[in-house]
Enquirer: 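Supplied in structure tokens, the structure appears directly below.
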Amino acid sequence: MDVGFIGLGHMGQAMVRSLLRAGHFVTVWNRTREKAEPLREAGALIADKIGDVCRGDAVITMLADDQAVENVVCRPHGILDSLEPNKGIHISMSTISPLLVRNLTERHAERNYPFVSAPVLGRPDAAEQGKLFVVAAGDRDSIDFVQPIFDAIGQRTFVISETPETANLVKLSVNAMIATAIEAIGETLALVTKSGDVDPKAYIDVLLSTALGTPLYRPYGENVVNRSFKPEFPIPLALKDMRLTLDAGMERDVPLPIVSLIRDHLLEAIAAGDGGCDWSALALVPQREAGIEQPA
Ligand code: NAP
């Protein structure tokens with residue numbers, strides 16, 4: 001397929017490589033153009049303007065947050081000014097608010113632009129290997145049409161509903177669950193190690209060798225015990241997701257007390273100087289509160 005791709009951060013770079021490997025023709029655009037250069041060698045075409053990535057079968061946005069997506073979609077000569085009615089499908093894959101996705105759904109519909117929301121689960125290494133999970137919502141025919149794109153970047157696509165914003169609600173809920181796992185690792189590690197008699201490595205070994213040794217706990221448990229906080233999913237993006245989850249809860253009258261606590265702990269991590277770390281460093285906060293950890 002002929003695919004446009006906007007947003008070449010940690011995830012976008014890796015997703016473009018998977019698309020190219022699967023034989024798709026990919027044209028890329030990024031706010032900071034230099035980040036596109038390494039993809040030229042891999043076979044991507046680099047566009048000078050957003051309009052040039054909106055002429056194919058689909059254009060994907062994989063951007064940091066609501067503000068970035070609004071900027072790229074709604075600015076003069078942005079996506080809304082560049083698509084053609086009933087042609088290229090805009091696939092929004094960023095983790096953004098259900099509210100913005102509702103707004104984008106309306107704005108695309110007014111112009112007869114097909115629009116699908118398809119945020120992803122998985123880290124940059126999974127994106128590089130085409131092993132993400134895609135959570136898609138929108139018009140069924142549009143989703144079927146772009147399935148080869150999802151197959152190139154993901155191992156499975158979950159089609160949630162015909163209403164695009166529901167995909168974002170599901171994605172945010174899963175991230176909230178992952179954050180509770182990291183928080184739980186930090187709290188229990190503080191408890192077992194404070195006496196000084198338990199080696200943190202021994203505790204994490206018990207954790208990961210038993211029922212909790214799942215793909216959920218494993219990478220975060222290993223990061224914490226190895227003090228490896230290279231920002232694959234940086235704390236500010238995690239904070240953004242908890243904020244969006246709480247906003248969605250507010251809109252629906254759903255209290256989310258654990259997510260509120262995690263939002264505050266992420267803020268605490270940033271205040272302590274760990275804002276440049278992976279969200280695994282959230283596990284250090286309860287340990288600091290117990291008086292046994294320093295910032296990363
Ligand atoms: P990232 O490395 O921080 O990249 C962010 C991208 O957004 C860059 O291309 C950046 O452009 C662009 N951007 C930021 N502000 C912009 C603006 N105002 N106008 C235009 N472009 C702007 O983030 P990422 O890790 O790739 O994540 C991208 C999205 O996927 C986020 O919504 C994130 O929550 C979600 N996600 C991330 C992961 C993960 O593990 N990293 C996993 C699943 C989902 P520049 O290069 O010019 O800065």
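Both ligands and their constituent atoms are indexed starting at 1 by order of listing.
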Enquirer: Quick test: of every protein heavy atom, which one is nearest to atom 35 (C) of ligand 1, and how far off is it to 0.1 Å?
Expert: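 Among all protein heavy atoms, the one nearest atom 35 (C) of ligand 1 is Thr95 OG1, 3.4 Å.
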Enquirer: Just to confirm my output: which protein heavy-atom neighbour is closest to atom 39 (C) of ligand 1, and how far is it?
Expert: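 Residue, atom and distance for the closest contact: Phe233 CD1, 3.4 Å.
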Enquirer: For ligand 1, which atoms, with element, lie under 4.0 Å from some heavy atom of Met62?
Expert: 29 (C), 30 (O)
Enquirer: Could you tell me whether the side chain of Leu266 reaches within less than 4.5 Å of the side chain of Ile262, counting heavy atoms only?
Expert: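 Answer yes - side chains close enough.
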Enquirer: What protein heavy atom is closest to atom 45 (P) of ligand 1, reported as residue, atom name and distance in Å?
Expert: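 Here the nearest protein heavy atom works out to Thr32 OG1, 3.4 Å.
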Enquirer: Classify the contact between Lys240 and ligand 1 as side chain, backbone, both or neither, using a heavy-atom distance cut-off of under 4.0 Å.
Expert: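 Contact part for Lys240 vs ligand 1: side chain (C-beta onward).
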Enquirer: I need the atoms of ligand 1 closer than 4.0 Å to a non-hydrogen atom of Gly7, numbered in the order shown.
Expert: 9 (O)
Enquirer: Between Arg218 and Glu222, does any NZ, NE, NH1 or NH2 come within less than 4.0 Å of an OD or OE carboxylate oxygen?
Expert: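 Salt bridge present between Glu222 and Arg218.
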Enquirer: Identify the closest protein heavy atom to atom 9 (O) of ligand 1: which residue and atom is it, and at what distance?
Expert: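 Ranking protein heavy atoms by distance from atom 9 (O) of ligand 1, first comes Asn30 OD1, 2.7 Å.
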Enquirer: Just so I know, are the side chains of Met93 and Phe150 near enough to count as touching, which here means a heavy-atom distance under 4.5 Å?
Expert: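 Result yes, sub-4.5 Å side-chain heavy-atom pair found.
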Enquirer: Does the Lys NZ or Arg CZ of Arg55 fall within the cation-pi geometry relative to Phe25 - under 6.0 Å from the ring centre and within 45° of the axis?
Expert: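 Not flagged: Arg55 not positioned over aromatic ring of Phe25.
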Enquirer: Report, in ascending order of atom number, the atoms of ligand 1 lying under 4.0 Å from any heavy atom of Glu232.
Expert: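 It comes down to these atoms of ligand 1: 39 (C), 40 (O), 41 (N).
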Enquirer: Taking only heavy atoms of Leu237 into account, list the atoms of ligand 1 that are under 4.0 Å away from them.
Expert: 23 (O), 25 (O), 27 (O), 33 (C)
Enquirer: Could you check which of Gly78, Ala238, Ala64 puts a non-hydrogen atom nearest to atom 7 (O) of ligand 1?
Expert: Ala64
Enquirer: At a 4.0 Å threshold, what atoms of ligand 1 neighbour a non-hydrogen atom of Val72?
Expert: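 In order of numbering, the contacting atoms are 20 (C).
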Enquirer: With a 4.0 Å cut-off on heavy atoms, is Asn71 touching ligand 1?
Expert: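 In this structure, Asn71 qualifies as a contact of ligand 1 - some heavy atom is under 4.0 Å.
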Enquirer: Hey, any chance Ile91 and Ile6 share a hydrophobic cluster, counting ILVMFWY side chains that come within less than 4.5 Å of each other, even indirectly?
Expert: no
Enquirer: Give me the nearest non-hydrogen protein atom to atom 22 (C) of ligand 1 as residue plus atom name, then the distance to 0.1 Å.
Expert: Ala68 CB, 3.7 Å
Enquirer: What protein heavy atom sits nearest atom 26 (O) of ligand 1, and how far off is it?
Expert: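 Ranked first by proximity to atom 26 (O) of ligand 1 is Met11 N, 2.9 Å.
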Enquirer: Going by the order shown, which atoms of ligand 1 are within less than 4.0 Å of some heavy atom of Arg123?
Expert: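 That gives atoms 40 (O) of ligand 1.
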Enquirer: Starting from atom 17 (C) of ligand 1, which protein heavy atom do you reach first, and at what distance in Å?
Expert: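 The closest one turns out to be Arg31 NH1, 3.3 Å.
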Enquirer: Does Arg40 pair with Glu37 as a salt bridge, N-O distance under 4.0 Å?
Expert: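 Salt bridge present between Arg40 and Glu37.
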Enquirer: Would you call Arg243 and Asp65 a salt bridge, using N to O less than 4.0 angstrom?
Expert: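 No.
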Enquirer: Is the ring pair Phe158/Phe133 parallel, tilted or perpendicular, if the boundaries are 30 and 60 degrees?
Expert: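 Geometry flag for Phe133 against Phe158: tilted rings.
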Enquirer: Do Ser18 and Arg21 have side-chain N/O donor and acceptor atoms under 3.5 Å apart?
Expert: yes
Enquirer: Quick one: do Asp144 and Arg140 satisfy salt bridge (Lys or Arg N to Asp or Glu O under 4.0 Å)? Show the steps, please.
Expert: CA-CA 6 Å; Asp144 287 346; Arg140 189 73 222 207; 3.4 Å; yes
Enquirer: Met93: heavy atom below 4.0 Å from ligand 1, yes or no?
Expert: no
Enquirer: Could you tell me whether some N/O pair between Trp29 and ligand 1 is separated by less than 3.5 angstrom?
Expert: no
Enquirer: How far is atom 21 (N) of ligand 1 from its nearest protein heavy atom, and which residue and atom name does that atom have?
Expert: Leu63 CD2, 3.6 Å
Enquirer: Run the numbers for me: atoms of ligand 1, each under 4.0 Å from some heavy atom of Gly122, listed by number.
Expert: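 Answer, ordered by atom number: 42 (C), 43 (C).
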Enquirer: Side chains of residues 177-188: which donor-acceptor partners sit under 3.5 Å, not counting sequence neighbours?
Expert:
from   : atom 1 : to     : atom 2 : distance (Å)
Thr180 : OG1    : Met177 : O      : 2.6
Glu183 : OE1    : His265 : ND1    : 2.8
Glu183 : OE2    : His265 : ND1    : 3.2
Thr188 : OG1    : Ala184 : O      : 2.9
Thr188 : OG1    : Ile185 : O      : 3.3
Thr188 : OG1    : Tyr203 : OH     : 2.6

Enquirer: Which bit of Glu34 is near ligand 1, meaning a heavy atom under 4.0 Å away: side chain, backbone, both or neither?
Expert: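 No part of Glu34 comes within reach of ligand 1.
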Enquirer: Within ligand 1, which atoms have a heavy atom of Lys35 less than 4.0 Å away?
Expert: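 Listed by number with element, the hits are 45 (P), 46 (O), 48 (O).
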Enquirer: Any chance CZ of Arg156 has more than 12 other-residue heavy atoms, nucleotides or ligands included, within less than 6.0 Å?
Expert: no
Enquirer: Check this for me, if you would: do Asp125 and Lys131 make a salt bridge, where the nitrogen-to-carboxylate-oxygen distance has to be below 4.0 angstrom?
Expert: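 Salt bridge flag = no for Lys131 with Asp125.
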Enquirer: Is the shortest heavy-atom distance from the side chain of Phe229 to the side chain of Leu284 under 4.5 Å?
Expert: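 With C-beta onward as the side chain, the pair touches.
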Enquirer: Using a 4.0 Å heavy-atom cut-off, which part of Ile96 comes near ligand 1: side chain, backbone, both, or neither?
Expert: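 No part of Ile96 is near ligand 1 at this cut-off.
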